[in-house]
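Notes to accompany the following structure.
For the single chain, residues carry numbers from 1 onward in sequence order. Atoms within each ligand, like the ligands themselves, are counted from 1 in listed order. Worth knowing before you read on, the calculation uses all heavy atoms, side chains too, and leaves out hydrogens, waters and symmetry mates.
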Amino acid sequence: MPIRLQTPLPGPRSRELMALRERFVARGPFHATPVFAARAQGALIEDVDGNTLIDFASGIGVVNAGHAPPSVVKAASEQAGRILHAGFNVTPYEGYVRLAERLAAVVPCAGPRKTLLVNSGAEAVENAVKIARAATGRPRVVCFEHGFHGRTYMAMTLTAKEKPYKEGFGPFCAEVTRVPFPYCYRWPGTSDPERVAQECFAAMTAAIAPEKTAAVIIEPVLGEGGFVPAPAAFLKKLRAYCSEHGIVLVADEIQSGFGRTGTLFACEQLDVEPDLMTLAKGLAGGLPLAAVVGRAELMDAPVVGGIGGTYGGNPVACAAALAVLDLFQDGSLLKRARVIGEILTVALEAWKQRFPRIGDARGLGPMRALELVRDRASKEPDKEAASGLARWCWEHGLVVLTAGTFGNVIRLLVPLCITDEDLAEGLAVMAAGLAQR
Ligand SMILES: Cc1ncc(COP(=O)(O)O)c(C=O)c1O
């Protein structure tokens, strides 16, 4: 049995550290569990009290290739022994350009591609907006309801949910227009993807002044918004509209990228070629690294010295990212991701038949979620059921995360190297928790 609990959770050492955290760490950062991690491997986390938990969160979709894959650890350690920091804007180094070369080969954007490396997802989003504005000379950015793009000022402005992400932090950035997201389950009057795509596209175009618009930024599968895939038909219309009006289409694949949906990027399955992509999380297997990748002529719009930063593309993070890409290269991890996606789809659909609390079971590949409701007819969100289930899970040794604008979604971000045994035990914990709701 992979889950081994020696103490009730949180254990005494976790409690001690939490007291220290409360004394010395700002209250703002949130924890999905009160359990302090000591080490992790594959899909298992060992806490500071010697308990072993199964991880269905992957550090919020970061350790897609599993915790501490030996080849990634080796590449990062060897690089750390050679040079920890050089500053790409002081003395450039090979890892940065090799990673840019590798990313250019795998992103689904048209034509020649270039890359900018930065440190976090939010920073990638900020830079995508700067690049789009520099390339078009236009001010406006269009974003979507239920979207999440990070916590810096532009990224936070582009983020939809007010509480907690924007509470008390205004005023926000100017020149941002928010339009509806094609959220089939909650679309009024229909949940047919084709009709939702059509109606949503009409609502979007009515709200936009295309000649003033530099960029449209969209998560092809909403992450924090609750794992809602945009219908391919919507993305197709959006692509055509952006091309027609010279608008830069930015796909934020920070959460959906690097195998999370069963292909390296969700855009591949949804059959859309964005102009720019923002990438982070899974990119470097746990080290802080993010990227804007896209069409070379757009990426070259900012003047020399206009984008970059002290730490962006740190050599150790680049070495880790190159090793992560090696892990994806032969296709076996993606194949496993698709198998996990099938196992999760079957399990979640079966639960939907059994548990009336589940209003919707959805996702793309292994990026799967359950939306919990008080009543299937009214679809009233049941946030308490979601937080109660997440709590029940960690108390029983399984880490899962909630999501969604209404906080009523349980999302599964399983490390894609998880064994069948660990996956089955984690699902059994969830099923037992659902039976209690
Ligand atoms: C889609 C998406 N964009 C941007 C971000 C922000 O990334 P970071 O937390 O690295 O700034 C996130 C983080 O959850 C995300 O899911």
Side-chain angles (χ1 to χ4, degrees), residues 28-32 57-64 107 116-130 132 141-161 164-166 169 173 176 178 181 183 215-230 235 249-261 265-267 270 272 274 276-294 309 311-314 317 320-321 324 363-364 367-369 400-405 407 409 411-413:
F30 169 80
H31 313 289
S58 293
I60 320 192
V62 170
V63 295
N64 292 2
V107 292
L116 168 75
L117 297 176
V118 291
N119 304 290
S120 69
E123 208 186 331
V125 169
E126 298 287 333
N127 279 283
V129 171
K130 285 170 70 173
V141 185
V142 172
C143 58
F144 288 83
E145 285 171 10
H146 307 287
F148 181 90
H149 299 287
R151 297 168 183 274
T152 52
Y153 262 91
M154 177 50 88
M156 174 176 61
T157 304
L158 296 171
T159 291
K161 191 170 170 175
Y165 305 129
K166 300 165 99 160
F169 298 140
C173 298
V176 168
R178 188 174 311 284
F181 185 90
Y183 190 156
V216 174
I217 182 163
I218 187 164
E219 294 162 86
V221 184
L222 291 175
E224 301 301 304
F227 285 19
V228 186
L235 294 171
L249 177 58
V250 184
D252 182 344
E253 288 234 36
I254 287 167
Q255 193 154 162
S256 59
F258 296 97
R260 180 47 57 199
T261 65
F265 301 108
C267 282
L270 296 170
V272 61
L276 299 179
M277 297 180 79
T278 49
L279 308 174
K281 293 192 186 284
L283 170 60
L287 290 182
L289 186 68
V292 186
V293 189
Y311 294 113
N314 169 273
V324 166
L364 192 63
M367 187 172 179
R368 296 252 137 220
V400 297
L401 298 174
T402 59
T405 299
V409 174
R411 59 176 148 167
L412 304 183
L413 290 159

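- No more than 12 heavy atoms of other residues, nucleotides or ligands lie within 6.0 Å of OH in Tyr311, so this atom counts as exposed by the packing criterion.
- The side chain to side chain donor-acceptor pair (under 3.5 Å) test with Gln255 is passed by exactly one of Glu219, Lys281, Arg411: Arg411.
- With rounding to the nearest 0.5 angstrom, the CG atom of Asp252 is 12.0 Å from the CZ atom of Phe144.
- Atoms of ligand 1 found under 4.0 Å from any heavy atom of Glu224 (numbered from 1 in listed order, with element): 14 (O).
- Near Ala122, meaning under 4.0 Å from one of its heavy atoms, ligand 1 places the atoms 6 (C), 7 (O), 8 (P), 11 (O).
- Within the structure, ligand 1 lacks Arg151 among the residues with a heavy atom less than 4.0 angstrom away.
- Ligand 1 places these atoms under 4.0 Å from at least one heavy atom of Asp252: 1 (C), 2 (C), 3 (N), 4 (C).
- For atom 9 (O) of ligand 1, no protein heavy-atom neighbour is found at a distance under 4.0 Å.
- Atoms of ligand 1 lying under 4.0 Å from at least one heavy atom of Glu219, given by number and element, are 1 (C).
- No side-chain donor-acceptor contact under 3.5 Å links Arg178 to the backbone of Val142.
- Here the side chains of His149 and Ile217 are in contact, with some heavy-atom distance below 4.5 Å.
- For atom 14 (O) of ligand 1, the closest non-hydrogen atom of the protein is Lys281 NZ, 3.0 Å.
- The shortest heavy-atom distance from Ile60 to ligand 1 is not under 4.0 Å.
- Put simply, the side chain of Asn64 gets close to the backbone of Phe258: a donor and an acceptor are under 3.5 Å apart.
- Each of the following atoms of ligand 1 lies closer than 4.0 Å to a heavy atom of Gln255: 14 (O), 16 (O).
- Side chains of Val141 and Thr157 form no contact here, defined as non-hydrogen atoms less than 4.5 Å apart.
- In terms of N/O distances under 3.5 Å, ligand 1 is not approached by Glu123.
- In terms of N/O distances under 3.5 Å, ligand 1 is approached by Gly121.
- The closest approach between a heavy atom of Gly150 and any atom of ligand 1 is below 4.0 Å.
- Closest non-hydrogen pair, Val176 versus Cys143, comes out as CG1-SG, 3.7 Å.
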